[in-house]
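A note on names: the letters A, B, ... follow the listed sequences, proteins ahead of strands, and every chain is numbered from 1. Since the structure is predicted, the reported quantities are computational estimates derived from the model, not experimental observations.
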Amino acid sequence: METNDNLYKIRHSLAHILAQAVLEVRPGSKLGFGPPIENGFYYDFILTEPLHEDDFKDIEKRMKAIIKNKQVFEKEDLKFDDAMARLEAMGEPYKQEYAKELFEKHNLEYLTFFKNGSFVDMCEGPHVENTKKIHPGCFKLKSVAGAYWRGSSDNQMMTRIYAWAFETKEELKEHVAAYQEALKRDHKKLGKDLDLFHIDDEIGKGLPLWLPNGTVIRDELEKFMRELEFKDRFQRITTPCLTKVQLYEKTGHLPYYAEGMFPFMEVKENEQDGHHTNYVLRPMNCPHHHKVFDSRKRSYRDLPIRFAEYGNVFRYESAGSLSGLLRVRGMCMNDAHIYCAEDQIEEEFLKVMKMHETVYHTLGLHNFWMRLSTWDPEDPKGKEKYVDDPAAWESTQDKVRAAMVKSGLPFNEVKGEAAFYGPKIDFQMKTVTGREETISTNQLDFAVPERLGLTYTDKDNEQKTPYCIHRAPAGTHERFVAFLIEHFAGAFPTWLAPVQVMILPVSENVLDYCNDLIEALRDSFVRVEIDTSNDSFNKKIRTNSKKRIPNMLIIGDKEAEEGTVTLKRYGIQEQDQFSKEEFITMLMDKIKNRTLES
RNA sequence: GCUUACGUGGCUCAGUGGUAGAGCACUUCCUUGGUAAGGAAGAGGUCACGGGUUCAAUUCCCGUCGUAAGCUCCA
């Protein structure tokens, strides 16, 4: 605990030192906020002239000089008038704005300032005693980026400088090395290296093309999910990507999501009565599934009804947020909707969580966490953001929470992140670059079925509205595969691997035997290839290792004579020899059981 | 959408005010090699696109498109 406090002080103090150095290089620049963050700190500026990463060396040098100077952090508390006068004298309009707010909205008596050397900053602290308490080699400037003042896009864009900082030089080194190592797993890089997907300007940004190798991974995931869904008694349906806009007026989605949809297509079909029909690419599948529910009369005996579809949806995501497969404009969702009665909610939600557990366990995924997003009754914009039905919010949240507790999966709660129609459980993960993304999202919907007039006939012959659980354990193919690429660093387990077996003939004499092998494996639907290139044997080992092929079969005279194979698995030094039959049985077993090892 | 940077053969990148280069990949030939690059030859680029400055622009300037990091957004 103490060390953490110390680290916090170091990062906080370094933020001041950074600002101090930046003001030396760009005098007259204005200060924003400069807090400690995970792995370091940042500081926001309005600069008199842009800074570039080339300037980092100079700034770091100045920061080190300040550290060596043993400047003492002196605390000073100022009342409103003095504080405002001080900030005025400092010429810091943004700090002034914030100070005013602190005094007026939060009724503070005084504000704290810290002075070190010639530099003064309004700040709560705490700081290290003096700058010499910081190891001069324990920080490194990372990047320069834009950030809105106070996080609002209505405000001015400031320049943010990010930095890493730790207690020791060694920790910094370790962290930077780990980060650089992580970047090698970036799905955009591996997607190219391993021919998984391609994004083409002439198709459009955020609209990835899945190459043969990437499509194998999608298909295998889809097969996996289909099996799980079959076992949990989901029924598959197929619905179109295009729909009339009116559908979303009726569901109530339109006011919330019009901005996130592609522009409407005006179809001039019935112009005689002065009407056009507007069509739009669907941004979600739910209303289509609701319409399938509504295609006939339903009885309470039919519930729960579970409709599943790997459905394509399109969202007009802002250009600047698009990134590889992680943020796209066209995506394919592992979607399903469960229509159930109130007393079935908990059990169904629990089953959904259990399916998540199976999926994530099978894939060996551990670096994610769960978040229960609830309605925020205090949100001033709550009436616009959420369906106005406090009782329904409370009761559905309780049911979801109860199911989560029963599932035994750890989760935390966040107010104000719910969907407009109900509470939500998200599975969150971090990309190699440290950005947080949602990998799976599940909601309990108490509002839209009613708006669409969905009903079932209950025991008492009354028409009742079903609840709807939206679930997508494997999220979208795009984001989920991106996550898997980074998770496996491109070295997929055999069942997922685009090429499962690569045969490396040592010489041309054994080609007949190799072809027998290929035929036997293909009869079992194994994705097998043979490397008949003119390359040397060494080169073949290298090339196929770099492709992260999970199983390489070395076939020479010895193997051909004995009817055996020598198996070299990805990332494993030792090799094993098996009879042809033994190998095929073992391989089929691994594929069938979806084992994690290659 | 915003801030900053970047855009040179399929990939990774060098370079220049006088219309381009490397390595890998690719093609052909030689080599049939037992565990991470065998050898040789060859083909491949309107230097993202549009405009401007200039005798001359891939290089300088402006715009557009695209990409990256971050911010905003993220059903």
Quick one: is [N] close enough that its OP1 or OP2 comes under 4.0 Å of any side-chain N or O from [X]?
{"X": "A:Lys192", "N": "B:rG10", "answer": "no"}
{"X": "A:Lys424", "N": "B:rC74", "answer": "no"}
{"X": "A:Arg327", "N": "B:rC74", "answer": "no"}
{"X": "A:Lys205", "N": "B:rG66", "answer": "yes"}
{"X": "A:Lys539", "N": "B:rA25", "answer": "yes"}
{"X": "A:Ser536", "N": "B:rG38", "answer": "yes"}
{"X": "A:Ser323", "N": "B:rA69", "answer": "yes"}
{"X": "A:Tyr148", "N": "B:rG70", "answer": "no"}

In whole Å, I'd like the distance from the [atom1] atom of [X] to the [atom2] atom of [N].
{"X": "A:His187", "N": "B:rU67", "atom1": "NE2", "atom2": "P", "value": "12 Å"}
{"X": "A:Phe33", "N": "B:rC71", "atom1": "CZ", "atom2": "C1'", "value": "15 Å"}
{"X": "A:Lys189", "N": "B:rU12", "atom1": "NZ", "atom2": "P", "value": "9 Å"}
{"X": "A:Leu196", "N": "B:rC11", "atom1": "CG", "atom2": "P", "value": "15 Å"}
{"X": "A:Met158", "N": "B:rU4", "atom1": "CE", "atom2": "C1'", "value": "15 Å"}
{"X": "A:Asp44", "N": "B:rU3", "atom1": "CG", "atom2": "P", "value": "15 Å"}
{"X": "A:Leu444", "N": "B:rA75", "atom1": "CG", "atom2": "C1'", "value": "15 Å"}
{"X": "A:Lys547", "N": "B:rC11", "atom1": "NZ", "atom2": "P", "value": "17 Å"}

Should [X] and [Y] count as an ion pair when the cut-off is N to O under 4.0 Å?
{"X": "A:Glu486", "Y": "A:Arg185", "value": "no"}
{"X": "A:Arg371", "Y": "A:Glu413", "value": "no"}
{"X": "A:Arg479", "Y": "A:Glu437", "value": "yes"}
{"X": "A:Lys205", "Y": "A:Asp201", "value": "no"}
{"X": "A:Arg282", "Y": "A:Glu309", "value": "yes"}

Nearest-Å distance once atom [atom1] is located in both [N] and [M]:
{"N": "B:rG51", "M": "B:rC6", "atom1": "P", "answer": "24 Å"}
{"N": "B:rA25", "M": "B:rU12", "atom1": "P", "answer": "15 Å"}
{"N": "B:rU72", "M": "B:rC13", "atom1": "P", "answer": "29 Å"}
{"N": "B:rA20", "M": "B:rC24", "atom1": "P", "answer": "23 Å"}
{"N": "B:rG21", "M": "B:rU8", "atom1": "C1'", "answer": "10 Å"}
{"N": "B:rG7", "M": "B:rC49", "atom1": "P", "answer": "13 Å"}
{"N": "B:rC47", "M": "B:rU16", "atom1": "C1'", "answer": "11 Å"}
{"N": "B:rA48", "M": "B:rU58", "atom1": "C1'", "answer": "11 Å"}

Report the base-pairing partner of [N] (Watson-Crick or G-U wobble, both distances below 3.5 angstrom), or none.
{"N": "B:rG18", "value": "B:rC55"}
{"N": "B:rU64", "value": "B:rA48"}
{"N": "B:rU3", "value": "B:rA69"}
{"N": "B:rC24", "value": "B:rG10"}
{"N": "B:rG34", "value": "none"}

Kindly point out which of [options] is positioned nearest to the side chain of [X]?
{"X": "A:Asn534", "options": "B:rC30, B:rA69, B:rU72", "value": "B:rC30"}
{"X": "A:Arg435", "options": "B:rG70, B:rA75, B:rG1", "value": "B:rG70"}
{"X": "A:Pro283", "options": "B:rC71, B:rA36, B:rA75", "value": "B:rA75"}

Quiz prompt | Side-chain-base donor-acceptor pair under 3.5 Å for A:Glu317 and B:rG1 | solution = no

Quiz item: Does the B:rU35 base have a donor-acceptor partner in the side chain of A:Gln575 within less than 3.5 Å?
Solution: yes

Quiz item: Does the ring center of A:Phe33 lie less than 6.0 Å from the ring center of A:Tyr98?
Solution: yes

Quiz item: Can the ring centroids of A:Trp164 and A:Phe41 be said to lie less than 6.0 angstrom from one another?
Solution: no

Under 4.0 Å, heavy atoms only, any strand: does [X] hit a base, just the sugar-phosphate, or nothing?
{"X": "A:Leu322", "value": "sugar-phosphate"}
{"X": "A:Phe420", "value": "nothing"}
{"X": "A:Tyr256", "value": "nothing"}
{"X": "A:His52", "value": "sugar-phosphate"}
{"X": "A:Lys142", "value": "nothing"}
{"X": "A:Ser153", "value": "sugar-phosphate"}
{"X": "A:Glu202", "value": "nothing"}
{"X": "A:Gly324", "value": "sugar-phosphate"}
{"X": "A:Thr543", "value": "nothing"}

Quiz item: Going by ring centres under 5.5 Å and near-parallel planes (under 30°), is A:Phe537 stacked on B:rG34?
Solution: no

Exercise. Please check if the side chain of A:Trp393 supplies one atom and the backbone of A:Val387 the other of a donor-acceptor pair under 3.5 Å.
Key: yes

Quiz item: Does A:Asp193 or A:Arg479 map to a spot on RNA chain B nearer the 5' end, using the closest nucleotide for each?
Solution: A:Asp193

Quiz item: A:Ser143 or A:Arg315: which one's nearest nucleotide on RNA chain B is closer to the 5' end?
Solution: A:Ser143

Quiz item: Going through the checks in order, is the side chain to side chain contact (heavy atoms under 4.5 Å, CB included) test met by A:Leu517 and A:Val565?
Solution: CA-CA 9 Å; A:Leu517 266 174; A:Val565 300; 3.8 Å; yes

